[in-house]
Amino acid sequence: MISGMSTGPMKSDTEIGGVSPVDLHELPVVKTTPLGDIKGMVARARAAQPAWEALGFEGRAALMKQACRTALERRAEFGALIRDEAGKLPAHAQMHEAIGPLDYVSGWIKVARPHLRPKKLPINPIAMPGKSATTELIPRGVVGIIAPWNYPLGVYFKPSLPALLAGNAVVLKPSEYSPRTGALFAQVLGEVLPRDVVQVAQGARDVGAELIRAGIDALSFTGSPVGGRAVLKACAEQMIPCSVELGGKDPAIVLADCELERTVLGILNWGIHNSGQDCGSIERVYVVDAIADRFVELLARAASRLKVPSNPTEIEGASIGPLSNPMQLGIVEAHVAEAIAKGAKVVAGGKKTGVGCWHEATILDRCTHAMRVVTEETFGPVIAVVRVKDVEEAVRLANDSHYGLNASIWSRDLAGAERIARRQHAGTVFI
């Protein structure tokens, strides 16, 4: 934890502050949205939505591509803001976020165009002679979006663009840790799209809760399991559909027949990408004893080569960026410290470095399920290695979790890996 530094960005009920994770300089203040204004925002979005829907799919698609081209033209502005607000490395801010909206909306246009067309239903001519039926997908109306901070632009455009393309209006509540990127994104869309179709409500959890109560027709939420439970309950009380993507603690099972060097680099990439601040990050690795020593040696060696600067001016040459905020750095430090106290061995990294929220790429060997670094989402550049005697123990321990987003199997035997994959309690299993 950074001594004397608040982990929250709220300066007051009316202002969002915060510091840059790069060097802890203070960020420009953002005004919060008064709770009493949110119902009016939803009402204005509802009033604007019918005309937006009436443009038809092709009309909406053309305007959205134009807006996303504008975002692409302003990629340097987005990149600088994302770097300052969330600590992204310059290349990552550009490649993973700033240039994304145009490609993303273009892909959704191809997918949605045939999907949204009316479809004739088969009718039994004997039971219902002379009848016909058609299914049409229509907009829900106003979609609320409550988004997190780990990809300050990506987590805003990924739910917003398909909702808009389908003819909905959108009210976005950015994370209070990255409100400036959310405001710029809405501004760029608003310069092209009709007035009030996209609006932004700024603030903390109370603003998100008020948005749910303000008369929206559906909600998209990305965030923690704790937040997700509260959101699901609130949406159920309002009887509105809700899509939630919550945390992950993705396990990797490493078998003795894996291609070892490729496996090491693959797991390091999946575990450390975006400084580990990804719900799909590999956070725990179950490696069979037969290759555990060599696997840990190679993984530690590779992680040690990743450059984490002690001076923020060296960010251009860094391999990974800082944690996005002091709160998350504190969680990472606490998980690492507890693991060490309970017997984990640090074989690479292990500590905060320099000014700001920088933390070394960290490999912890000989971890167990008695440690939070194995059982709770760490969301940082930390990979916990658990040694197992065989694949049966690996499967049992990988499934011993209340998370279930992704999992992966590392083996040359694809057929055998598929059989293991079917036993994984995860939504997606990679081989």
Side-chain angles (χ1 to χ4, degrees), residues 7-10 13 16 32-33 35 38-39 42 140 142-152 154-156 158-160 163 170-179 182 201-251 276-281 283-284 323-332 334-335 338 369 371-380 398-407 424-428:
T7 59
M10 303 300 298
D13 290 341
I16 304 172
T32 60
T33 302
L35 297 182
I38 295 176
K39 281 189 177 180
V42 173
R140 290 193 178 275
V142 179
V143 175
I145 295 171
I146 300 176
W149 45 259
N150 55 322
Y151 288 94
V155 292
Y156 300 155
K158 287 185 177 180
S160 298
V170 162
V171 180
L172 168 68
K173 194 209 86 70
S175 168
E176 58 269 37
Y177 285 97
S178 52
Q202 298 279 19
R205 293 180 181 178
D206 56 342
V207 172
E210 188 64 27
L211 176 60
I212 294 172
R213 294 190 292 264
I216 58 175
D217 300 293
L219 183 81
S220 169
F221 173 85
T222 306
S224 71
V226 172
R229 290 187 187 97
V231 164
L232 286 169
K233 180 180 178 181
C235 287
E237 290 172 347
Q238 300 298 318
M239 297 186 70
I240 58 175
C242 177
S243 168
V244 299
E245 184 188 347
L246 308 179
K249 191 71 181 177
D250 292 4
Q277 298 168 120
D278 192 318
C279 56
S281 290
E283 294 206 11
R284 50 195 174 112
L323 278 301
S324 290
N325 53 69
M327 173 198 70
Q328 196 57 40
L329 174 61
I331 292 172
V332 170
H335 280 202
E338 185 211 47
H369 279 235
M371 305 169 185
R372 286 184 295 167
V373 77
V374 176
T375 60
E376 296 181 12
E377 188 173 35
T378 303
F379 220 59
N399 286 338
D400 182 19
S401 174
H402 56 273
Y403 296 93
L405 191 58
N406 300 324
Q424 292 294 283
H425 300 167
T428 304

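Position 1 is the first residue of the sequence; numbering continues from there.
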field: With Phe379, the side-chain contact (heavy atoms from CB on, under 4.5 Å) member among Asn150, Ile331, Leu323, Val332
entry: Asn150
query: What distance separates Asn406 CG from Cys279 SG, expressed to the nearest 0.5 Å?
result: 7.5 Å
message: Under 3.5 Å, is there a donor on one side chain and an acceptor on the other for Tyr403 and Asp250?
response: no
- prompt: Can you check whether Ile145 reaches Leu219 side chain to side chain, under 4.5 Å on heavy atoms?
  reply: no
- request: Give the minimum heavy-atom separation between Gly280 and Leu405, together with the two atoms involved.
  value: N-CD2, 4.3 Å
field: Working for side-chain contact (heavy atoms from CB on, under 4.5 Å), residues Gln328 and Trp149
entry: CA-CA 11 Å; Gln328 196 57 40; Trp149 45 259; 3.6 Å; yes
query: In Å, rounded to the nearest 0.5 Å, how long is the span from NE2 of His335 to CD of Glu376?
result: 4.5 Å
statement: Separation between CD1 (Ile38) and OG1 (Thr33), nearest 0.5 Å, reads 6.0 Å
- request: Quick one: pull up CD1 in Ile212 and SG in Cys235 and give me the separation to the nearest 0.5 Å.
  value: 4.5 Å
message: Looking at Arg372, I want to see if its CZ is surrounded by more than 12 non-hydrogen atoms of other residues, nucleotides or ligands under 6.0 Å.
response: yes
Min side-chain heavy-atom separation Ser175-Tyr156 under 4.5 Å: yes
- request: Could you tell me whether Asp400 atom CG has more than 12 heavy atoms of other residues or ligands within 6.0 Å of it?
  value: yes
